[in-house]
Amino acid sequence: MSQFTEQVLEAYELAKEARGKAHCPYSRFQVGAAIKFKGNDNIYRGCNVENASYGATICAERTALVSGIADQGKQIVEFVVVVTDTSPATQPCALCLQVLAEFSEPQTPIYLANKKLIESETSFGKLLPNPFTEFKV
Ligand code: THU
């Protein structure tokens with residue numbers, strides 16, 4: 001029996017599928033992500049979408065996140081799955097973590113996976129313990 005829930009396994013499959021759609025002619029590094037939010041069963045996926053103006057590139061995690069927010073409005077992330085083809089599995093970049101901070105909790109699980117398996121589980125709070133959350137002027 002798998003150590004992961006049905007929903008995590010489903011999200012892993014969806015993230016792998018999304019990874020195949022990555023637009024990455026510059027880096028050739030395909031990334032897929034899937035995010036489940038609390039309060040509904042939907043799973044939103046994303047891939048990296050690169051641009052000739054490199055800085056305009058959008059990572060897979062942010063693609064998945066904004067897809068969910070655009071569909072259902074503000075929600076809290078239940079878990080994130082990220083799929084690359086590396087071992088150890090790649091973790092979300094700091095920019096994606098900062099964007100996730102707006103919708104995540106320290107204990108939010110982040111599953112790091114490659115094409116073969118979900119290799120490890122970490123949490124939002126472990127990857128970004130001190131996000132920037134507010135400012136005063
Ligand atoms: N990338 C992601 O999609 N997610 C990350 O967390 C790290 C990096 C993408 C951006 C770019 O298209 C490629 O991977 C190489 O940096």
Side-chain angles (χ1 to χ4, degrees):
M1 212 182 86
S2 168
Q3 63 185 117
F4 303 107
T5 66
E6 285 288 313
Q7 284 176 319
V8 169
L9 293 173
E10 189 193 341
Y12 172 51
E13 293 306 320
L14 291 172
K16 274 196 284 188
E17 216 174 273
R19 181 176 174 269
K21 299 194 172 114
H23 174 67
C24 52
Y26 307 104
S27 74
R28 307 246 172 238
F29 188 67
Q30 296 176 296
V31 187
I35 296 185
K36 184 185 177 303
F37 295 87
K38 294 185 176 181
N40 67 66
D41 287 334
N42 303 340
I43 293 169
Y44 297 91
R45 34 185 174 164
C47 59
N48 49 330
V49 182
E50 297 187 346
N51 191 273
S53 176
Y54 296 172
T57 292
I58 308 171
C59 293
E61 297 89 326
R62 278 177 288 147
T63 311
L65 183 80
V66 298
S67 166
I69 302 301
D71 189 47
Q72 297 282 329
K74 182 166 184 184
Q75 310 161 76
I76 303 299
V77 173
E78 187 173 317
F79 65 78
V80 181
V81 180
V82 185
V83 181
T84 59
D85 195 19
T86 65
S87 185
T90 304
Q91 62 184 51
C93 77
L95 191 54
C96 285
L97 290 169
Q98 178 58 41
V99 175
L100 279 165
E102 199 89 7
F103 307 98
S104 302
E105 301 164 315
Q107 69 274 17
T108 303
I110 299 188
Y111 298 95
L112 306 177
N114 55 36
K115 285 197 295 192
K116 283 199 198 123
L117 79 168
I118 301 176
E119 231 183 39
S120 55
E121 176 181 346
T122 182
S123 69
F124 174 76
K126 279 188 199 149
L127 296 181
L128 189 65
N130 297 301
F132 176 75
T133 50
E134 60 182 278
F135 61 89
K136 292 196 169 70
V137 286

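Note: hydrogens, waters and symmetry copies are ignored here, and every other heavy atom, side chains too, is used. One-based numbering, in listed order, for ligands and for the atoms of each.
- The shortest contact between atom 3 (O) of ligand 1 and any protein heavy atom is with Ala60 N, 2.9 Å.
- Using a 3.5 Å distance cut-off with no hydrogens or angles, the side chains of Glu50 and Ser27 do pair a donor with an acceptor.
- Distance remark: protein heavy atom not present below 4.0 angstrom from atom 16 (O) of ligand 1.
- Pairing each heavy atom of Gly46 with each of Ala64, the nearest pair is N-CB, 3.6 Å.
- Test Phe124, Phe4, Tyr12 against Tyr111 for ring-ring contact (aromatic ring centres under 6.0 Å, His included) and you get one pass: Phe4.
- When heavy-atom distances to ligand 1 are checked against a 4.0 Å cut-off, Ser27 comes that close only through its side chain, counted from C-beta outward.
- In terms of hydrophobic clustering, with Ile, Leu, Val, Met, Phe, Trp and Tyr side chains grouped at heavy-atom distances under 4.5 Å, Leu127 and Phe103 are assigned to a common cluster.
- Under the 3.5 Å distance criterion, the side-chain polar atoms of Ser87 are left unmatched by any main-chain donor or acceptor of Ala89.
- For atom 1 (N) of ligand 1, the nearest non-hydrogen atom of the protein is Cys59 SG, 3.6 Å.
- The closest non-hydrogen atom to atom 4 (N) of ligand 1, taken over Glu61, Arg19, Gln30, Arg62, comes from Glu61.
- For atom 14 (O) of ligand 1, the closest heavy atom belonging to the protein is Phe29 CD2, 3.4 Å.
- For the residues Arg28, His23, Glu50, the heavy atom positioned nearest atom 12 (O) of ligand 1 is part of Glu50.
- The protein non-hydrogen atom at the shortest distance from atom 9 (C) of ligand 1 is Asn48 ND2, 3.6 Å.
- Close contacts of ligand 1 with Cys93, meaning ligand atoms under 4.0 Å from a residue heavy atom, involve 5 (C), 6 (O), 7 (C).
- With rounding to the nearest 0.5 Å, the separation of CG in Leu112 from CD in Glu119 is 8.5 Å.
- Crowding of Glu6 atom CD: a count of heavy atoms from other residues, nucleotides or ligands under 6.0 Å not exceeding 12.
- Within the listing of ligand 1, atoms 6 (O) sit less than 4.0 angstrom from a heavy atom of Pro92.
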